[in-house]
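Given the structure is predicted, the values throughout are model-derived calculations rather than measurements.
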Amino acid sequence: MVDDLRTTMERVGDRFNLGEYEIEAYLAVLEHGQLTASEIADRTDIPQPRVYDTVRSLSDRGLVELRESRPMKVVAVDPDDAFGSIQSSLDELVTELEARYTAPARDTEAVTLVKSRSTILRYIEEIIETAEYELVLSLTPDLLRRFRDDLAAQIDAGVSIDLLVTPASRAPNPSEFDYLDVATVARARRGITTPVLAVADGDYSIYATQDALRDDRDRYGVIFNRSALGFLVSGFFGTVLWTTAETLAADGKRRPFPRRYASIRRAVKDVRELEGPFYASVSGRDVETGETVVVEGRVETYTFEESEEVASFVIETADGPVDVGGLVAALESVEAQEILLGREGVPDRSAFE
């Protein structure tokens, strides 16, 4: 319940420019009715020198009252009084704005730099919701809790999710948090330097620093909107972040075959881990000519290194064996852009269109 309330307050904070300290202080005062500055510092992670600026900011917004005494007391304002007029004004504003709104056309390919915490969070949410079959994420524990329901819905919808939680020291304990409700595989990685990122189906992604989600630092994030450059984020995740993390939970809800992949690494890992024959339909490009090709047949062999820097397989086609690599492949004959894997025979591509 506390986590849910904090998540809700963070959403409100995004809209009204409430920082992390302001949210912490407000919830603490709200819970106790009134507190002194020292008591707020004791009950939160707010440094003592920042408490006074924080509560004065809350006072300016009408969320608390300051009673000048020795020591000064910070008194909670009834939330109905604090937010009631705002809600009424917002309802009127939204109605008027909707009357003027024209939905923008999404560019087929775009790279965008954003410098707003709320915008970064909005894009992460959108990327999670738009994934059709494959999702990779690097999230802080707070973001994991924020998007828990969205991730669980995607797992139930059959989306494969590789989830990285960082920093590992703050990741929820697997005995208390069911990672397999929100991920196919979940890992944790040390350090606050690990970026926040999300990639849907290999082509819609966001990359942001953890600093971008803190109020007292420079904020920036890069959005690859249906961009061919989005594979850079996915490749960085797979080869640099994922391979240096410790497993929290694995073997989540298995998707039925045939399966669809944006990453050859995930396809090859499934071939390696599961027994029996596999059949593939790969759409991509001829490495030499750049022509669009579709390669179909039985998967004969595969190559995979634990560093995940190398992943490929050979498909036995009617015209002979064809070696297939991932995006920007150079050593193989075909660059795979989308992979379908089946167990009983070559998957029907029309079933995925």
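When the side chains of ILVMFWY residues are joined at heavy-atom separations under 4.5 Å, either directly or via intervening members, I339 and V346 end up in two distinct hydrophobic clusters. Linking ILVMFWY residues whenever their side-chain heavy atoms come closer than 4.5 Å, directly or via other members, places L58 and M72 in the same cluster. Hydrophobic clustering (ILVMFWY, side-chain heavy atoms < 4.5 Å, transitive): V310 and V322 are in distinct clusters. When the side chains of ILVMFWY residues are joined at heavy-atom separations under 4.5 Å, either directly or via intervening members, V314 and V334 end up in two distinct hydrophobic clusters. With hydrophobic clusters built from ILVMFWY side chains whose heavy atoms lie under 4.5 angstrom apart, V199 shares a cluster with V240.
Across all non-hydrogen atoms, the minimal contact from G221 to I120 is N-CD1, 4.1 Å. Residues I46 and E24 approach most closely at CD1-CB, 4.2 Å, considering heavy atoms. Pairing each heavy atom of L163 with each of W242, the nearest pair is O-CZ3, 3.4 Å. The two residues L137 and F237 come nearest to each other via the heavy atoms O-CE1, 3.3 Å. The shortest heavy-atom contact between P347 and G342 is CG-N, 3.5 Å.
Between the side chains of S350 and D348, a donor-acceptor pair is found at a separation under 3.5 Å. Side-chain contact check for S283 and Q337: no donor-acceptor pair (N or O, by modelled atom type) lies under 3.5 Å. When only modelled atom types and interatomic distance are considered, Y204 and E126 share a side-chain donor-acceptor pair under 3.5 Å. Neither side chain, T317 nor D319, offers a donor N or O lying under 3.5 Å from an acceptor on the other.
Interatomic distance, T166 OG1 to Q210 CD, rounded to the nearest 0.5 Å: 5.0 Å. Atoms OG and CG, from S281 and L340 in turn, are 5.0 Å apart once rounded to the nearest 0.5 Å. Here the straight-line distance linking atom CG of D201 with atom CD of E338 works out to 9.0 Å at 0.5 Å rounding. The CG atom of L164 sits 7.5 Å away from the OG1 atom of T244 when rounded to the nearest 0.5 Å. The distance from the CG atom of D150 to the CD atom of E129 is 5.0 Å, given to the nearest 0.5 Å. Residue E132 holds its CD atom at 5.5 Å from CZ of R260, rounded to the nearest 0.5 Å.
Looking at R145 and D142, a side-chain N of the basic residue comes within less than 4.0 Å of a carboxylate O on the acidic one, giving a salt bridge. Salt bridge annotation for E246-R190: absent, with no cationic side-chain nitrogen under 4.0 angstrom from a carboxylate oxygen. Of the charged side-chain nitrogens involved, at least one lies within less than 4.0 Å of a carboxylate oxygen, so that R266 and E134 count as a salt-bridged pair.
Counting only heavy atoms from C-beta outward, the side chains of I124 and V196 approach each other to under 4.5 Å. Taking 4.5 Å as the limit, every side-chain heavy atom of L30 sits out of range of all side-chain heavy atoms of L63. With contacts defined as side-chain heavy-atom distances shorter than 4.5 Å, the pair R43/H32 qualifies. Considering only heavy atoms from C-beta on, P172 comes within 4.5 Å of P141 through its side chain. In this structure, F177 and R148 have side chains that are in contact, with non-hydrogen atoms separated by less than 4.5 Å. Considering only heavy atoms from C-beta on, T209 stays 4.5 Å or farther from P195 through its side chain.
For Y261 and Y133, the ring centers are positioned 6.0 Å apart or more.
Residue pairs meeting the salt bridge (charged side-chain N to carboxylate O under 4.0 Å, His left out) criterion with at least one partner in residues 278-294, sequence neighbours excluded, are R285-E335.
Cation-pi geometry between R272 and F313 is not met: the NZ or CZ atom fails to fall both under 6.0 Å from the ring centre and inside 45° of the normal.
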Stepwise, does the ring pair (Phe, Tyr, Trp, His ring centres under 6.0 Å) test hold for F257 with F278? CA-CA 10 Å; F257 283 95; F278 282 91; 5.6 Å; yes

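Shown here is D45, whose CG atom has no more than 12 heavy atoms of other residues, nucleotides or ligands within 6.0 Å.
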